[in-house]
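Down below is the structure, laid out as C-alpha cells.
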Amino acid sequence: MEERTSRPIGQLLKEKGYIRDEHIRFALLEQKATGERLGEILVRLGLVTELEVAQVLAEQAGLPFDDLEVTVPTPQALLKVPPAFARQHLLLPLRITEGSLVVAVHDPFNLQLREAVARVSGMRVETVVAPRSRISRALERFYYFLERPPEKELEEVTQRLRENPHAEISMDDLIEKLLLLATSRRATDLHLTPSERTSQVFLRIDGILEPFWVFPQAVHPRLIGAIKVRAGMDIAETRLPQDGRMRFSFLGEEYDLRVSTVRTPVGENMVLRILPVGGTVQHLLHLGFSQEEIALIRDLLEKPYGMFLVTGPTGSGKTTTLYAGLRLLNLLEKNVLTAEDPIEYRLPLARQTQVNEEAGYTFARAIRHFLRQDPDVILVGEVRDEETAEMAVRSALTGHLFLSTLHTNDALSTLFRLRDLGIGPDLLASSLLGVLAQRLVRRICPQCREEYRPPEELLRYYDLPPDGTYFRGRGCEYCGGKGYVGRTVVAEILRIDEDLRALIAEGAPQARMARAAREGGMRTLREAAREKVLQGITTVEEVRRVIG
C-alpha cells in the first residue's frame, strides 16, 4: 500500500503538470457558484480528466490505481456482489486474490462502503481507485455479459444456420451482437470476409487482425445487406465499392461506424471502422510520450502562429495526440476552433464543429470561415487535398496556430507531400513549425512479463546491446495468451530550425534535409522504438512488426 498524503487535490494535479494556478483559481470561482468538488469542476471544464483525478485520489489515499482500460473482471468476483448493489454504490468487483475481493471504487475515502461490500460478499475487501465513468460503463457492460453471454447467442445462430441455411435469423440482432463483442474487446475494426463455404469475422485489436468467428456462407449476403441498409448504402449495387456510415449505441456509449465494401469473387468484403464518440482527451504522458518529447511538443504548440502536423498511417492515434497536445495550452486564454469528421473527443473549452461534405461544409470551407471567428488555434481533422493545404498555410501565415494530420510514413516525407499538394517551397518554409510522425506499438503484458533472449539478428539491426536485459509477455489469462496488453506511442519529432528552413526554401533533396534534421537533434522512429525496448515497455519483435 502506498503512503497516504494530505496535500489538496488541486496541488497534486498541478505538481503532475496537468493544470496551472489560473485553472485552479477559475475552478474555485465556479465552486462558489455550484458547490461542486474541485475535482468535479476541473473535469467538467475539460481541464483534467477523470482518470487523472482518480490517480491523484489514489495517491492521496495511498491505494493502487486501475484505469480499467484493459481490465476484465472475473465472473467469480462479479457473482460476489449483486448488480443492484454495485449500481447503487457505483463499484466494480474485479477479482478474488488470496481470499480477498478486489473492488474498484471512485471515492477511496468512503470506508463505510468497504464495510458494506464485505457484509454483502462475505469476504475481506481490498479497494483500488478507478475513474467514476469507467466504473459505471464497465459494471453495466460486464454484468450484462454475465446475464446474457453474447457468445452463446452467436453459437446458437451458427448451429441454426448449419442445420438450415435459410433459417429465419434476425439480422439486426446478429449485427448488434457482433458490434457488442467487437467494442467489448476494444476492436478498432470489424471485418466481414466471404469465402467459398463460410463467412469469416475478424477483429483488429491493438493493431493486429485476429480471427473471431465463422458462420455458414449462406448468412453472408443477408448480413452485408442488412448493414448496407443501416449505413445508407445501395443494397442493389454489389459490383462497385461503396462507403457508408452508421451509429451504434450500447448502454449509453455511442460509436460512429465507417462502412466500406469491395467486391471479391466469392462475395462482398465489408470493413466497419469503429470510432467512439465523445471520448476523453488524455495527457500526452498517458499516451506514452516522454517528458523530453512533451517539452518539445509544448515548445512548438506555444508558438503564436505557424503550422504543426501529426502524421502516420490510419489508426496510429494522430487525432488523439493532437487533442492531447491542446491540453498543453492554456485554453482559458485561447479561442480554439475545430473541424472534424467525426468529432471524436469532447473538449468543453474548444468550439468544435463537424464537417458535412454533402451540405458543402468541407475542411477548406471551415478554415475559411474560422478566419472570421477571431481564432487563436485552428484544428482540422486532416489535410487531404490542395484547397485544404492552401487554406492551412494561409491561416498559419496570418497569425494563427494551425494543427492537423496528414498521411505520410515519416516526418521528412511530410515536406514532400505538402509540395505535392501545391505548397511552394517559400510558403512551406515560412509556415511550418514542426512535424510529429508516430506509430503505436503493443505493451508487454504486466502480469506475465518475463526475461528472454531476442534473436541476435534483431539485436544487431536495431543496434541493441547483446548483453542487455529484455522482456516479453509469456501469455496468460489477463492478456488472452498474446503477451501484450494495450499500446503506447513511438514518436519522431521534426522541429524546423533556421538551417532546415533554408533547405526547404531552396528545395533541397531529402538526403540533405535528413542530415540537417539529425544534426538538429531529431530522433528517428527507429531510435525511439529502440528506447522503448531498452525500457522493457515493448519487444524488439513488435518493433520489427510496426516500424520495419
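All of these numbers come straight from a predicted model, not from anything done at the bench. Below, each value reflects all heavy atoms present in this structure, side chains not excepted, and no hydrogens, waters or symmetry copies. Numbering starts at 1 and runs along the sequence shown.
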What I'd like to find out is whether the side chain of Thr488 reaches to under 4.5 Å of the side chain of Leu440, using heavy atoms alone. no
Salt bridge flag under 4.0 Å for residues Glu292 and Arg523: no
Quick one, Ile496 and Leu433 - any side-chain contact, counting heavy atoms below 4.5 Å? no
Pair Arg327-Tyr18, side chain to side chain contact (heavy atoms under 4.5 Å, CB included): steps then yes or no: CA-CA 8 Å; Arg327 287 194 52 198; Tyr18 297 142; 4.2 Å; yes
Tell me yes or no: between the side chains of Glu382 and Ser404, is some donor less than 3.5 Å from an acceptor? no
Check: Glu293 side chain, Ser290 main-chain N or O, donor-acceptor pair, under 3.5 Å: yes
As an exercise, state the distance from CG of Leu397 to CZ of Arg394, rounded to the nearest 0.5 Å. 10.0 Å
Quick one: does Gln352's side chain have a donor or acceptor within less than 3.5 Å of a partner on Leu347's backbone? yes
Looking at Arg273 and Asp189, does any basic side-chain N land under 4.0 Å from a carboxylate oxygen? yes
Main chain of Arg384, side chain of Thr388: is a donor-acceptor contact present, judged purely on distance under 3.5 Å? no
Check Glu210 with Lys482, please: is the shortest side-chain N to carboxylate O separation under 4.0 Å? yes
How long is the straight-line distance from CG of Leu190 back to CZ of Arg204, given to the nearest 0.5 Å? 12.0 Å
Please report the closest heavy-atom contact between Ala104 and Leu68, naming both atoms and the distance. CB-CD2, 4.5 Å
NZ/NE/NH1/NH2 to OD/OE distance under 4.0 Å, Glu30 and Arg44: yes
Nearest 0.5 Å, please: how far is CG in Leu257 from CD1 in Ile227? 9.0 Å
Specify whether His283 and His286 have parallel, tilted or perpendicular ring planes, treating 30° as the upper limit for parallel and 60° as the lower limit for perpendicular. perpendicular
Rounded to the nearest 0.5 Å, what separation is found between the CD atom of Gln11 and the NZ atom of Lys16? 12.0 Å
Answer yes when Glu253 and Arg137 have at least one side-chain N-carboxylate O distance shorter than 4.0 Å, and no when they do not. yes
Mind listing the closest non-hydrogen atom pair of Lys318 and Val310 along with its distance? CD-O, 3.6 Å
Glu357 with Arg245: basic N within carboxylate O range, under 4.0 Å: no
Can you name the closest pair of heavy atoms from Arg351 and Leu349 and give their distance? NH1-O, 3.0 Å
Side-chain (Arg501) to main-chain (Leu432) donor-acceptor, under 3.5 angstrom: yes
N-O pairing of Arg230 and Glu176 below 4.0 Å: yes
Check whether Tyr462 forms a cation-pi arrangement with Arg530 (NZ or CZ under 6.0 Å from the six-membered ring centre, at most 45° off the ring normal). no
Is there a side-chain contact between Ser395 and Leu371, using heavy atoms and a 4.5 Å cut-off? yes
Is any NZ, NE, NH1 or NH2 atom of the basic residue among Glu527 and Lys532 found under 4.0 Å from an Asp or Glu carboxylate oxygen of the other? no
Do Tyr323 and Tyr345 have ring centres separated by under 6.0 Å? yes
A side-chain contact here means heavy atoms from C-beta on lying under 4.5 Å apart; do Phe370 and Thr338 qualify? no
Is the charged tip of Arg526 near the ring of Tyr461: under 6.0 Å from the six-membered ring centre and within 45° of its axis? yes
Which distance, rounded to the nearest 0.5 Å, do you find between the CG of Leu525 and the CD1 of Ile547? 5.0 Å
Just so I know, are the side chains of Tyr255 and Leu179 near enough to count as touching, which here means a heavy-atom distance under 4.5 Å? no
Can you see which heavy atom on Val281 is nearest to which on Arg346, and at what distance? CG2-O, 4.1 Å
Could you go step by step and tell me if Met307 and Leu309 meet the side chain to side chain contact (heavy atoms under 4.5 Å, CB included) rule? CA-CA 7 Å; Met307 182 165 59; Leu309 301 173; 4.0 Å; yes
Could you check whether atom CZ of Phe202 has more than 12 heavy atoms from other residues, nucleotides or ligands sitting under 6.0 Å from it? yes
With distance as the sole criterion, is a donor-acceptor pair present between the side chains of Arg372 and His369 under 3.5 Å? yes
Assess whether a salt bridge exists between Glu254 and Arg247, defined as any Lys/Arg side-chain N lying under 4.0 Å from an Asp/Glu carboxylate O. yes
Check this for me, if you would: do Glu506 and Arg512 make a salt bridge, where the nitrogen-to-carboxylate-oxygen distance has to be below 4.0 angstrom? yes
Pairing of Asp341 and Arg258 as salt bridge, 4.0 angstrom limit: yes
Report, as yes or no, whether the 6.0 Å neighbourhood of atom CZ on Arg37 holds more than 12 heavy atoms from other residues, nucleotides or ligands. no
Looking only at non-hydrogen atoms, find the nearest pair between Gly381 and Thr405 and report the distance. O-OG1, 2.6 Å
Strictly distance-based, threshold 3.5 Å: is any side-chain N or O of Ser184 a donor or acceptor partner for the main-chain N or O of Leu181? yes
If you measure from the Lys or Arg side-chain nitrogens to the Asp or Glu carboxylate oxygens, is any gap between Glu542 and Arg545 under 4.0 Å? yes
Can you find a pair of side-chain heavy atoms, one from Val377 and one from Leu337, that are under 4.5 Å apart? no
Before giving the answer on side chain to side chain contact (heavy atoms under 4.5 Å, CB included), spell out for His106 and Leu57 the whole-Å C-alpha distance, their side-chain angles and the decisive distance to 0.1 Å. CA-CA 8 Å; His106 68 92; Leu57 284 174; over 6 Å; no
As a test of understanding, state which of Arg186, Arg443, Arg134 forms a salt bridge (charged side-chain N to carboxylate O under 4.0 Å, His left out) with Glu69. Arg134
Using a 3.5 Å distance criterion without hydrogens, assess whether the side chain of Glu531 forms a donor-acceptor pair with backbone atoms of Ala528. no
Minimum heavy-atom separation for Gln354 and Ile343, please, with both atom names. OE1-N, 3.4 Å
Validation row: Arg518, Thr524 side chains within 4.5 angstrom (heavy atoms): yes
Pair Leu401-Leu403, side chain to side chain contact (heavy atoms under 4.5 Å, CB included): steps then yes or no: CA-CA 7 Å; Leu401 181 64; Leu403 312 176; 3.9 Å; yes
In Å, rounded to the nearest 0.5 Å, how long is the span from OG of Ser430 to OH of Tyr305? 10.0 Å
Polar side chain donor-acceptor pair, Thr311 to Thr408, under 3.5 angstrom: yes
Is Gln438 reaching over with its side chain to a backbone N or O of Gly317, donor-acceptor style, under 3.5 angstrom? yes
Evaluate side chain to side chain donor-acceptor pair (under 3.5 Å) for His191 paired with Asn269, printing each intermediate quantity in order. CA-CA 8 Å; His191 292 237; Asn269 189 80; 5.1 Å; no
Does a donor on one side chain sit under 3.5 Å from an acceptor on the other, for Gln242 and Asp234? no
Check: Asn335 main-chain N/O paired with Asp376 side-chain donor or acceptor under 3.5 Å: yes
Quick check: do Leu326 and Leu329 have side-chain heavy atoms less than 4.5 Å from each other? yes
